[in-house]
Amino acid sequence: MADTLIIYYSSTGYNKKVAQLVADKIDADVFQVEPVKPYSKDMWAAWDVAKKERDEDSLPELKTGYPEMSQYQRIIFGGPAWGYTLANPLQTFLKNADFAGKPVYPWVTFYDHDEKYLADLKEQLHNGQVHDLLELTMGILGNDQTLNKTLDDWLTQIQ
Ligand SMILES: Cc1cc2nc3c(=O)[nH]c(=O)nc-3n(C[C@H](O)[C@H](O)[C@H](O)COP(=O)(O)O)c2cc1C
C-alpha cells in the first residue's frame, strides 16, 4: 500500500488529469469522489443545480463512500472552485470524512476566483492539518510543461 492518498473530485476532467499526473510522480493511491447524480458538463447549467443545492442546504449524495485515512502518512486533496469555494460533492465528503490527524496538501483548479476556498476547506475539514493551497489556473492547466513543473515544485514541499 502507498503511504499517500490522493482524494479528488472532477466534473469535466481537469482534476482527474492532475490526480493522475501526481499519482504518476509519487507513490500514491487515488480515491475519486463521485456524486450519485453527475452534474451537467455545461458550467452554467451545473451552477444552477449547485446553487440551488446550497440555497436549500441539500448537498448531493455520494456513491463512493469514504476511504480509511488512518493507514496513510499524508493526504492530497484536490478539486475545482465552484462559486469561489469547494465543489458541492467535496462539501458532502468533508461533512462525513475523518482525516485521522493527517497532514493535508490541497490543490484547487479554477478560472479566476477561488477567494474562500482555503478558509472554507480549513473550516469544513475534520481532524487534519491543512497546508498551503496549490492554485492551478486554467492557464497552468492548459500548458503541460508548466503544469508538470508546477506540480514537481509543489511535490518537493510535501513531506
Ligand atoms: C458549478 C460551477 C461553478 C464554478 N465556479 C467557479 C468560480 O467561482 N471561480 C472560478 O474561477 N471557476 C469556477 N468554475 C470553473 C471551474 O473551477 C472549472 O470548471 C474546474 O476547475 C474544472 O475542473 P474539473 O474539470 O475537474 O471539473 C465553476 C464551474 C462549475 C461547474
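Note that the numbering runs from 1 along the sequence shown for the chain. We count ligands from 1, going down the list as the structure has it; atoms in each ligand are counted the same way.
- Comparing Gly79, Gly83, Ser40, Ala46 by heavy-atom distance to atom 7 (C) of ligand 1, the nearest is Gly83.
- At least one N or O atom of Ala81, backbone or side chain, sits closer than 3.5 Å to an N or O atom of ligand 1.
- For Lys116, the salt bridge (charged side-chain N to carboxylate O under 4.0 Å, His left out) test picks out Asp120, with sequence neighbours left out.
- Applying the 6.0 Å contact sphere to OH of Tyr14 captures no more than 12 heavy atoms from other residues, nucleotides or ligands.
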- Item | Thr109 vs Ile140, side chain to side chain contact (heavy atoms under 4.5 Å, CB included): CA-CA, chis, key distance, verdict | CA-CA 9 Å; Thr109 67; Ile140 296 172; over 6 Å; no
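- The ligand atoms of ligand 1 that sit less than 4.0 angstrom from a heavy atom of Trp47 are 1 (C), 3 (C).
- Ring geometry for Tyr39 versus Tyr9: interplanar angle over 60°, hence perpendicular rather than tilted (30 to 60°).
- Applying the side chain to side chain contact (heavy atoms under 4.5 Å, CB included) test to Ser70 and every residue at least two apart in sequence or in another chain returns Glu68, Ala100.
- Closest heavy-atom approach to atom 21 (O) of ligand 1 among the candidates Asp48, Thr109, Asp42: Thr109.
- For the pair Tyr72 and Met1, the minimum side-chain heavy-atom distance is below 4.5 Å.
- In terms of polar-atom proximity, defined here as any N/O pair under 3.5 Å, Tyr14 does make such a contact with ligand 1.
- Ligand 1 has an N or O atom lying under 3.5 Å from an N or O atom of Thr12, backbone or side chain.
- Against a heavy-atom cut-off of under 4.0 Å, Met138 is close to the following atoms of ligand 1: 18 (C), 20 (C), 21 (O), 22 (C).
- Counting only heavy atoms from C-beta outward, the side chains of Tyr66 and Ile7 never approach each other to under 4.5 Å.
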- Test salt bridge (Lys or Arg N to Asp or Glu O under 4.0 Å) on Asp48 and Lys52 and set out the steps. CA-CA 6 Å; Asp48 283 346; Lys52 189 159 182 283; over 6 Å; no
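- With Trp82, Tyr117, Tyr84 as candidates, the residue nearest to atom 30 (C) of ligand 1 on a non-hydrogen basis is Trp82.
- Within 6.0 Å of NZ in Lys25 there are more than 12 heavy atoms belonging to other residues, nucleotides or ligands.
- Of the protein's non-hydrogen atoms, the one nearest atom 19 (O) of ligand 1 is Tyr111 CE1, 3.9 Å.
- Residue contacts with ligand 1: Tyr9 is placed with no nitrogen or oxygen under 3.5 Å of a nitrogen or oxygen of the ligand (distance criterion only).
- For a threshold of 3.5 Å applied to N or O pairs, the pair formed by Gly13 and ligand 1 contains at least one separation below that value.
- With respect to atom 23 (O) of ligand 1, the closest heavy atom belonging to the protein is Asn15 ND2, 3.1 Å.
- No more than 12 heavy atoms of other residues, nucleotides or ligands shown are found within 6.0 angstrom of NZ on Lys37.
- Nearest protein heavy-atom contact of atom 20 (C) of ligand 1 is Pro80 CB, 3.4 Å.
- In this structure, the protein non-hydrogen atom closest to atom 9 (N) of ligand 1 is His113 O, 2.9 Å.
- Shown in contact with Ser11 at under 4.0 Å from a heavy atom are these atoms of ligand 1, numbered in order with element: 24 (P), 26 (O), 27 (O).
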